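Here the structure is laid out as structure tokens; the discussion comes afterwards.
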Amino acid sequence: MTLNYYIYYKVPPEHLERACAAVLSLQKQLRSRTGISGRLLRRRDDPATWMEIYENVADTAQFEAALLAAVASSNVAQLLAPGSSRKREIFQAL
């Protein structure tokens, strides 16, 4: 069974460029540690709302450990909008 991770949050306008660089760095770390390539999207009608997508995760323990380490080293949490946090949803295919 593989799982798909959807992580969403808000980024204030003054941090858009730095946050993009931080998330791309985070995703590069994840790819090198797990082989999972992520995608970064932003909401069409609200550019402050971003989503990271990681699909076909088979080893969830390894992925989640690598994700925590990558988030910590990228400092992306400091670039989120006040009151925002990285919300994670996990889905499996039917």
Side-chain angles (χ1 to χ4, degrees):
M1 170 180 65
T2 62
L3 299 175
N4 301 310
Y5 284 67
Y6 301 88
I7 303 167
Y8 57 96
Y9 45 87
K10 293 220 178 243
V11 176
E14 65 271 17
H15 291 162
L16 294 179
E17 286 184 38
R18 288 177 45 214
C20 186
V23 173
L24 294 177
S25 172
L26 177 158
Q27 291 180 328
K28 184 177 179 181
Q29 290 177 52
L30 273 178
R31 187 172 45 255
S32 71
R33 292 179 182 169
T34 67
I36 303 289
S37 293
R39 293 186 289 146
L40 177 60
L41 300 104
R42 69 176 181 191
R43 212 174 137 143
R44 180 181 64 161
D45 60 342
D46 179 11
T49 302
W50 290 17
M51 179 178 286
E52 297 166 39
I53 299 175
Y54 304 97
E55 297 176 301
N56 301 314
V57 176
D59 187 340
T60 57
Q62 176 202 25
F63 180 79
E64 290 186 17
L67 179 60
L68 284 173
V71 168
S73 69
S74 71
N75 294 318
V76 72
Q78 287 81 6
L79 301 171
L80 301 183
S84 183
S85 63
R86 292 172 53 86
K87 295 168 184 66
R88 182 182 70 181
E89 302 285 343
I90 304 170
F91 288 78
Q92 70 183 64
L94 296 175

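The structure presented is a predicted model; accordingly, all values stated were derived computationally and were not measured.
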Shortest non-hydrogen contact from Ser84 to Lys10? OG-N, 3.0 Å

Same hydrophobic cluster for Leu80 and Leu26, using side-chain heavy-atom links shorter than 4.5 Å among ILVMFWY? yes

Could you tell me if Gln29 and Ser74 have a donor-acceptor pair between their side chains, going purely by distance under 3.5 Å? no

Can you name the nearest heavy-atom pair linking Ala69 to Arg33, along with the distance? CB-NH1, 3.1 Å

Write down the atom of Ile36, the atom of Asn56, and the distance for their closest heavy-atom approach. CD1-O, 3.7 Å

Any idea which heavy atoms bring Ala81 and Pro12 closest together, and the distance? N-CD, 3.3 Å

Side-chain heavy-atom pair Arg18, Asn75 within 4.5 angstrom cut-off: no

Working to the nearest 0.5 angstrom, can you tell me the gap between Glu55 CD and Phe91 CZ? 12.0 Å

Are more than 12 heavy atoms, taken from residues, nucleotides or ligands other than Glu17, located less than 6.0 Å from that residue's CD atom? no

Looking at every heavy atom in both Gln27 and Arg39, which two are closest together, and how far apart are they? NE2-O, 3.3 Å

Return each pair, listed once, that meets salt bridge (Lys or Arg N to Asp or Glu O under 4.0 Å) where at least one residue sits in residues 85-94; pairs must be two or more places apart or across chains. Glu52-Arg86, Glu64-Arg88

Starting at CD1 of Ile7, measure out to CG of Leu67 and round the result to the nearest 0.5 Å. 4.5 Å

Would a 4.5 Å heavy-atom cut-off, applied to side chains only, mark Thr34 and Asp59 as touching? no

Identify whether Tyr6 and Tyr54 are in the same connected component of the hydrophobic contact network (ILVMFWY, side-chain heavy atoms under 4.5 Å). no

dist Leu16:CG -> Leu79:CG (nearest 0.5 Å) comes out at 10.0 Å

Shortest non-hydrogen contact from Leu40 to Cys20? CD2-SG, 4.3 Å

Compare all side-chain heavy atoms of Ile53 with those of Asn4 and state whether any distance is below 4.5 angstrom. no

Do Tyr5 and Met1 sit in one hydrophobic cluster, given that two such residues count as connected whenever their side-chain heavy atoms are within less than 4.5 Å of each other, even indirectly? yes

Going by the angle between their ring planes, with limits at 30° and 60°, are Tyr9 and Trp50 parallel, tilted or perpendicular? tilted

Same cluster or not: Leu30 versus Ile90, using hydrophobic residues (I, L, V, M, F, W, Y) connected whenever any side-chain heavy atoms lie under 4.5 Å apart? yes

